[in-house]
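Only a predicted model underlies this, so the values are computations on that prediction, with no experimental measurement involved.
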Amino acid sequence: MLLAAGVVTLSMLLIRNHLVGSLRRLDTSMSGLTSGSSDLTQRLPVQSEDEIGRIAQSFNCFLGGLEATVRDIREHA
């Protein structure tokens, strides 16, 4: 019984750390963008197909569009 509880606890900690790590990377990238110090060519690694992975993919698409817009403005200025 104690072994099963230990395995469950360890599994929960690993899952939590994975989710928190993904959210921290997303937070860091978004914070860099809002501060104006972000490199628009950098993309988030998409490591899963869950909600966090889909958010990272959407964020990457957003950055791609923003990068193209900035490039167009530079070319026409």
From [X] [atom1] over to [Y] [atom2], what is the distance, rounded to the nearest 0.5 angstrom?
{"X": "Q57", "Y": "I55", "atom1": "CD", "atom2": "CD1", "answer": "12.0 Å"}
{"X": "E51", "Y": "L23", "atom1": "CD", "atom2": "CG", "answer": "10.5 Å"}
{"X": "I52", "Y": "H18", "atom1": "CD1", "atom2": "NE2", "answer": "6.5 Å"}

May I have the list of side-chain donor-acceptor pairs in residues 3-17 shorter than 3.5 Å, sequence neighbours left out?
from : atom 1 : to  : atom 2 : distance (Å)
T9   : OG1    : A5  : O      : 2.8
S11  : OG     : V7  : O      : 2.9
N17  : ND2    : L13 : O      : 3.3

side-chain contact (heavy atoms from CB on, under 4.5 Å) evaluation trace for E67 with R43
CA-CA 11 Å; E67 179 185 8; R43 299 296 184 261; 2.8 Å; yes
Where G53 and V46 come nearest, the two heavy atoms and their spacing:
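Nearest heavy atoms, G53 then V46: O-CG1, 3.7 Å.
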E49, CD atom: more than 12 neighbouring heavy atoms under 6.0 Å:
no
Identify, with sequence neighbours excluded, every residue that meets side chain to side chain contact (heavy atoms under 4.5 Å, CB included) alongside L66.
L33, L40, F62
